[in-house]
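Following this message is one structure expressed as structure tokens.
The shown structure was predicted, so the numbers you read here are calculated from the model rather than taken from an experiment. Note that ligands are numbered from 1 as they come in the structure, with each ligand's atoms numbered from 1 the same way.
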Amino acid sequence: MIEFPKDFVWGTATAAYQVEGAAHEDGRGQSIWDTFCALPGKIYQGQNGDVSTDHYHRYADDVGLMRDIGLASYRFSISWSRIFPSGKGKVNRKGVDFYNRLIDKLLENDIAPMATLYHWDLPQGLQDSGGWMNRDTVSRFVDYATFAFETFGDRVKLWITHNEPWVVAYAGHYAGRHAPGETDLSKAVQVSHYLILSHAKAVERYREIVPAGQGGKIGMALNLYPMYPATDSQADKEAAKLVDEFHNRWFLDPVLTGKYPEKLFGIFKEKLGVPVIAEGDMECIAANRSDFLGVNYYFRKVIAAADSHDILGYTEVKPIGSKYTGMNWEIYPEGLHHLLMDIKERYDNPHLYITENGAAFDDLPRPDGSIDDRDRIVYLSGHVEQMARCIEDGVNLDGYYLWSFLDNFEWAFGYSKRFGIVHVD
Ligand code: IFM
């Protein structure tokens, strides 16, 4: 039997656009995901988050389910355009009321709220003036964050600024498979700098306005992958190291040490001329180290050198003989130990939460309505075991949020992938 520390936090996670629905109610403004979903061919079967799991209306029942499951914490995201419909200026009170109701309901049930400020749904009004490619969005984000800290900070003690900024930058501005659908690597790199800067400025603001002693903590959630070279060749080892800089260290290094990883920074600067960094940016990033890091772990990456793949020159290899989830992601719990031990050694053992971990499986109900969730149980047990190993090996791991509480809108995959521990009809 594995024992976890008494104060270890067990929770689940969701994000506003993926669960709330009520996309056109109570004054919510349009976000870039509403726009993106309306473009033909972008989302599986043309689906969208207009209704989704209707968390906006059913939040009280949902919290009841969380209580029945025995969760100690719930990680949700705030929809920026529910609070500021055009991204800035006038506040939408009905949007604020929704989050007040949700937070109060959680607390009534002894469930600690963890709030994410940005889980990808930028107000369309800000996108119309350049979105994350426009430096002004950094200031608008800090205004929005300030409002959220002042309004909800008396009850929310765990804050995440950005969820998976790598995905925002690269899936949204280079691969084009996420909103806003851009396909320009230079833009993606510049966006990544603005996301990191906006995180640091929000952390700075949080510490200015939240009285010391209130006990609140703030961090960022990164999608991280332990890297493995496909073979022992020097070329594969170097490729894996560079891809580690690209996926992991590009965010980890500035957020935890105040500097970009040198090799990749040199390549981007030489070949693309980005990121453009204004005077004072790196000082601000260095001065505002997070209280904790959120780690979203799903799978490892196995990397081989290749001539073909853009300026980084690599390809990803799918290990044969491994098991895969419904997303075709390799099931590799040991990678979690590898990843967290690396973070412990490299960054002076920061406090960590697993802010996402989980798997999609086609777990459809049997005729009697029950679900055989064996695949998910095996997946989760494997990762829980690795967490215990990490704690034994001295990692400062404070909690775990399973992705996801409910089956929900899985971005470009629409509703075709089920991550929930609660099945949604
Ligand atoms: O659904 C997403 C979530 O929004 C961000 N992290 C990965 C999850 C599964 O793809």
**Request:** On the 0 to 90° scale, with breaks at 30° and 60°, tag the His338-Tyr228 ring pair as parallel, tilted or perpendicular.
**Result:** perpendicular
**Asked** Does the side chain of Tyr17 come under 3.5 Å of the side chain of Ser31 through a donor N or O and an acceptor N or O?
**Response** no
**Message:** Is the shortest side-chain heavy-atom distance between Trp33 and Leu122 below 4.5 Å?
**Reply:** no
**Heavy atom of Tyr17, distance to ligand 1 below 4.0 Å** = no
**Phe409 contact mode with ligand 1 (heavy-atom cut-off under 4.0 Å)** = neither
**Request:** For Trp120, take its heavy atoms, then give the atoms of ligand 1 lying under 4.0 Å from any of them.
**Result:** 4 (O), 5 (C)
**Request:** Run the numbers on Tyr314 and His247 for ring pair (Phe, Tyr, Trp, His ring centres under 6.0 Å), then give the verdict.
**Result:** CA-CA 13 Å; Tyr314 74 93; His247 269 286; 7.2 Å; no
**Item:** Under 4.0 Å to a heavy atom of His119 - the qualifying atoms of ligand 1, by number
**Value:** 3 (C), 4 (O), 5 (C)
**Item:** Top protein contact for atom 10 (O) of ligand 1, by heavy-atom distance
**Value:** Glu410 OE2, 2.5 Å
**Prompt:** For the side chain of Gln190 and the backbone of Met133, is there at least one donor-acceptor N/O pair under 3.5 Å apart?
**Reply:** no
**Message:** Measuring from atom 4 (O) of ligand 1, which candidate in Glu164, Gln18, Glu356 has the nearest non-hydrogen atom?
**Reply:** Gln18
**Prompt:** Looking only at heavy atoms, is any part of Asn163 under 4.0 Å from ligand 1, and if so is it the side chain, the backbone, or both, or is it neither?
**Reply:** side chain
**Message:** Whether Asp97 and Arg93 form a salt bridge (side-chain N of Lys/Arg under 4.0 Å from carboxylate O of Asp/Glu) is what I want to check.
**Reply:** no
